[in-house]
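Residue numbers run from 1 in the order of the sequence given.
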Amino acid sequence: MALLMVTGCATTATAGEDATQQKTAEAVMIFPTNGAANLPPELPIKIYASGAPLGSVAVTAEGGKPVEGVYSADRTMWRSVRPMMPGTHYTVAATAGSARGSSSFSTLAAAKTFEIDTLLPSKDYTGLTVGVGMPIMITFNTPVKDRVSIERNLLVQASKPVEGAWHWFDDKTIAYRPKKFWPPRTKVRVTARMAGVRGDTGLYGGKDVVRDFTIGRSQITKGDISKHTMDVIRDGKVIRTIPFSAGKGGVWKYHTTSGIHLAMSREDVTVMTSPDAGPGQAGYYQQTVYDTVRISNSGEYVHGAPWSVGSQGNSNVSHGCVNISPSNAQWYKDETLIGDPIILTGSPRQLEPTNGWGHWQPKWNEWLKWSRLRDATTDPMA
């Protein structure tokens with residue numbers, strides 16, 4: 001496409017003049033050009049100036065909505081910071097010295113739009129004060145292929161600088177975690193600037209989502225399955241040591257998983273049913289338990305178990321859960337935030353990264369392999 005150029009007065013150097021004394025013609029150049037239509041929304045709007053820095057710049061979408069942009073240090077260029085919206089008309093007016101430039105153009109309508117289906121943490125599911133291990137988790141309502149465009153428009157700000165990265169689990173699921181656990185009492189904002197972002201051919205984001213949340217105190221539970229006790233460590237100090245009974249083993253599914261688990265939910269009452277056996281079949285069970293903290297998607301909880309108090313602290317007898325006494329279970333549930341790490345060791349079975357919120361299981365270099373933009377320090381809070 002040709003660039004729109006509007007020039008002001010200019011002089012031409014004579015043969016005897018020093019080249020450095022030649023005056024450059026004042027001009028404004030705008031891209032996209034005037035009258036362009038059916039433009040890909042992902043194209044940036046750019047304004048260039050020569051002979052003088054940019055003066056006034058007005059870029060608006062239909063309805064008079066201003067378009068956000070940034071100048072170069074010498075004000076010879078302005079660039080929009082976000083994609084254009086599909087099916088939208090834009091106008092541009094700019095000056096550079098005595099030069100004036102204008103352009104009017106429109107973008108291609110989206111064949112289909114996508115939106116964020118879930119974004120965690122959330123007020124309803126996790127609460128907005130969460131543990132130091134809490135990842136940011138986003139699920140889209142349809143598969144997206146342009147992962148670079150998506151990541152570029154997912155912004156994480158924090159009141160304390162944190163090195164972190166996004167990680168794709170599949171075409172609908174992406175998560176962010178720091179390299180190390182969040183600093184306690186950090187305020188975090190995630191801005192998903194999805195409006196107009198390309199997800200695939202003809203597929204564009206419908207709207208933005210912003211979420212603010214806070215990292216609470218640091219509470220990390222460390223338990224040794226072979227020694228049957230776990231320490232609850234708050235802000236670096238052990239505040240309670242709890243005896244427990246873990247999975248009895250024998251069958252692989254009856255081993256409690258080792259690894260960095262996260263508290264995924266807190267429930268007063270949970271009905272546990274065997275996942276792979278029905279009534280009348282070998283291995284079937286259905287049991288109501290109280291004061292539970294879920295730590296995986298494979299049926300593992302920390303919960304009250306009055307029937308195994310005699311084994312707690314000395315042997316493993318459960319189907320894979322972490323059994324603790326009723327009084328310890330109520331205290332533990334009440335003192336836990338969603339996203340608190342529960343680190344268990346001593347089992348031959350490792351927690352899989354996709355089993356619940358096993359986001360801390362991959363080493364950092366493995367986590368980065370599934371990020372398109374790699375790691376970066378969070379932006380400061382405004």
Q: Could you tell me whether the side chain of Phe105 reaches within less than 4.5 Å of the side chain of Thr91, counting heavy atoms only?
A: no
Q.
Looking at Leu119, is its backbone amide N or carbonyl O close enough to the side chain of Ser122 to form a donor-acceptor pair, meaning the two atoms are under 3.5 Å apart?
A. no
Q.
Main chain of Leu154, side chain of Tyr176: is a donor-acceptor contact present, judged purely on distance under 3.5 Å?
A. no
**Q.** Point-to-point distance, once rounded to the nearest 0.5 Å, from NE2 of His255 to OG of Ser298
**A.** 13.0 Å
(Q) Salt bridge check, Arg177 against Asp375: does any charged N sit closer than 4.0 Å to a carboxylate O? (A) no
Q | Check: Pro121 and Met137 side chains under 4.5 Å, non-hydrogen atoms | A | no
Q. Is Asn328 close to Phe244 at the side-chain level, that is, under 4.5 Å between some pair of heavy atoms?
A. no
Q | Positive for side-chain hydrogen bond (donor to acceptor under 3.5 Å, both in side chains) with Asp291, one of His303, Lys333, Arg266 | A | Lys333
Let me have the donor-acceptor pairs involving side chains of residues 139-148, under 3.5 Å, with sequence neighbours excluded, atom names and distances please.
unit_1: Thr139; atom_1: OG1; unit_2: Thr118; atom_2: OG1; d: 3.3
unit_1: Asn141; atom_1: OD1; unit_2: Glu115; atom_2: N; d: 3.0
unit_1: Lys145; atom_1: NZ; unit_2: Asp171; atom_2: OD2; d: 2.8
unit_1: Asp146; atom_1: OD1; unit_2: Ser149; atom_2: N; d: 3.2
unit_1: Asp146; atom_1: OD1; unit_2: Ser149; atom_2: OG; d: 3.2
unit_1: Asp146; atom_1: OD2; unit_2: Ser149; atom_2: OG; d: 2.9
unit_1: Asp146; atom_1: OD2; unit_2: Arg198; atom_2: NH1; d: 3.1
unit_1: Arg147; atom_1: NE; unit_2: Asp171; atom_2: OD1; d: 3.4
unit_1: Arg147; atom_1: NH2; unit_2: Asp171; atom_2: OD1; d: 2.7

Q: State, yes or no, whether a side-chain contact exists between Arg211 and Ile136 at a heavy-atom distance under 4.5 Å.
A: no
Q.
Please check: side-chain N/O of Gln219 versus main-chain N/O of Arg234, any donor-acceptor pairing under 3.5 Å?
A. no
Sequence neighbours excluded and cut-off under 3.5 Å, please list the side-chain donor-acceptor pairs for residues 162-169, or say none.
unit_1: His167; atom_1: ND1; unit_2: Trp367; atom_2: O; d: 2.8
unit_1: Trp168; atom_1: NE1; unit_2: Glu151; atom_2: OE2; d: 2.9

Q) Is it true that a side-chain atom of Ser308 and a backbone atom of Ser311 form a donor plus acceptor pair closer than 3.5 Å? A) no
Q. If every non-hydrogen atom of Ala61 is compared with every non-hydrogen atom of Thr88, which pair is closest and at what distance?
A. CB-CG2, 4.0 Å
**Q.** Derivation of the side chain to side chain contact (heavy atoms under 4.5 Å, CB included) call for Thr270 and Thr288
**A.** CA-CA 6 Å; Thr270 302; Thr288 300; over 6 Å; no
**Q.** Stepwise side chain to side chain contact (heavy atoms under 4.5 Å, CB included) check, Ile220 with Ile343
**A.** CA-CA 7 Å; Ile220 301 171; Ile343 304 172; 3.8 Å; yes
Q: For Lys248, look at atom NZ and say whether over 12 heavy atoms of other residues, nucleotides or ligands are found less than 6.0 Å away.
A: yes
Q) What distance do Ile342 atom CD1 and Met264 atom CE have between them, rounded to the nearest 0.5 Å? A) 10.5 Å
Q | Nearest non-hydrogen partners of Gly101 and Ile30, listed with the distance | A | C-CD1, 3.6 Å
Q: Decide yes or no for Arg152 and Arg193: does some side-chain heavy atom of the first lie under 4.5 Å from some side-chain heavy atom of the second?
A: no
Q | Contact check, side chains of Gln361 and Ile260, non-hydrogen atoms, under 4.5 Å | A | yes
Q: Mind checking the CD1-CZ spacing from Ile47 to Arg75? Nearest 0.5 Å is all I need.
A: 10.5 Å
Q. So, for Lys160 and Thr378, which heavy atoms are closest and what is the spacing to 0.1 Å?
A. O-OG1, 3.9 Å
**Q.** Gly320 versus Thr256, closest heavy-atom pair with distance
**A.** O-OG1, 2.6 Å
**Q.** Any donor-acceptor pair under 3.5 Å from Trp182 side chain to Gly131 backbone
**A.** no
Q) Are the side chain of Ser218 and the backbone of Pro184 linked by a donor-acceptor contact shorter than 3.5 Å? A) no
Q. Side chains of Met84 and Leu43: closer than 4.5 Å at any heavy-atom pair?
A. yes
**Q.** Minimal non-hydrogen separation, Gly87 against Thr107, with atom names
**A.** N-OG1, 3.0 Å
Q. Quick one: do Val293 and Val130 end up in the same hydrophobic cluster if we chain Ile, Leu, Val, Met, Phe, Trp and Tyr together by side-chain heavy atoms under 4.5 Å apart?
A. no
Q) In Å, rounded to the nearest 0.5 Å, how long is the span from CD1 of Ile225 to OG1 of Thr345? A) 7.0 Å
Q. Is the count of non-hydrogen atoms from other residues, nucleotides or ligands lying under 6.0 Å from Trp364 atom CH2 greater than 12?
A. yes
Q: Go through the steps for Glu26 and Ser98 under the test side-chain hydrogen bond (donor to acceptor under 3.5 Å, both in side chains), then give the verdict.
A: CA-CA 7 Å; Glu26 294 175 346; Ser98 61; 2.6 Å; yes
Q. Is the shortest side-chain N to carboxylate O distance from Arg217 to Asp235 below 4.0 Å?
A. no
Q) Does a side chain donor of either Thr257 or Glu300 reach within less than 3.5 Å of an acceptor in the other side chain? A) yes
Q. Hey, would you say the Tyr48 and Trp78 ring centroids sit under 6.0 Å apart?
A. no
Q. Do Asn355 side-chain atoms and Asn297 backbone N/O form a donor-acceptor pair below 3.5 Å?
A. yes
Q.
I'd like to know whether Thr95 forms a side chain to side chain contact (heavy atoms under 4.5 Å, CB included) with Leu54, so could you lay out the CA-CA distance, the side-chain angles of the two residues, the decisive distance to 0.1 Å, and finally the verdict.
A. CA-CA 6 Å; Thr95 66; Leu54 285 167; over 6 Å; no
**Q.** Thr76 OG1 to Asp74 CG distance, which is reported to the nearest 0.5 Å
**A.** 3.0 Å
(Q) Side-chain heavy atoms nearer than 4.5 Å, only ILVMFWY residues, links allowed to pass through others: does that put Met85 and Leu108 together? (A) no
Q. What about Leu120 and Phe181, same hydrophobic cluster or not, with Ile/Leu/Val/Met/Phe/Trp/Tyr joined at side-chain heavy-atom distances under 4.5 Å?
A. yes
Q. Passes side chain to side chain contact (heavy atoms under 4.5 Å, CB included), Thr191 versus Gln157? Steps please.
A. CA-CA 8 Å; Thr191 302; Gln157 298 170 275; 4.3 Å; yes
Q | Any donor-acceptor N/O pair, Ser72 side chain to Met77 backbone, under 3.5 Å | A | yes
Q) Is a side-chain donor-acceptor pair under 3.5 Å present for Asn34 with Ser104? A) no
Q. Nearest heavy-atom pair of Ser265 and Ile338: which atoms, and what distance?
A. CA-CD1, 3.5 Å
Q) Have Glu352 and Thr354 got a donor and an acceptor in their side chains that come within less than 3.5 Å? A) no
(Q) Using 0.5 Å steps for rounding, measure from the CZ atom of Phe31 to the CG atom of Leu39. (A) 7.0 Å
Q.
Are Val28 and Arg100 packed together at the side-chain level, in the sense that at least one heavy-atom pair is separated by less than 4.5 angstrom?
A. no
Q) If only atom types and distance count, is the side chain of Trp360 paired as donor or acceptor with the main-chain N or O of Gly133 below 3.5 Å? A) yes
Q) Ion pair present between Glu366 and Lys369, side-chain N to carboxylate O less than 4.0 angstrom? A) yes
Q: For the residue pair Thr221 and Tyr332, confirm or rule out a side-chain donor-acceptor distance under 3.5 Å.
A: yes
Q | Check: Gln330 side chain, Asp268 main-chain N or O, donor-acceptor pair, under 3.5 Å | A | no
Q) Are Tyr204 and Glu42 close enough, and set up right, to give a side-chain hydrogen bond (donor to acceptor under 3.5 Å, both in side chains), and what steps lead you there? A) CA-CA 9 Å; Tyr204 293 92; Glu42 58 268 26; 2.8 Å; yes
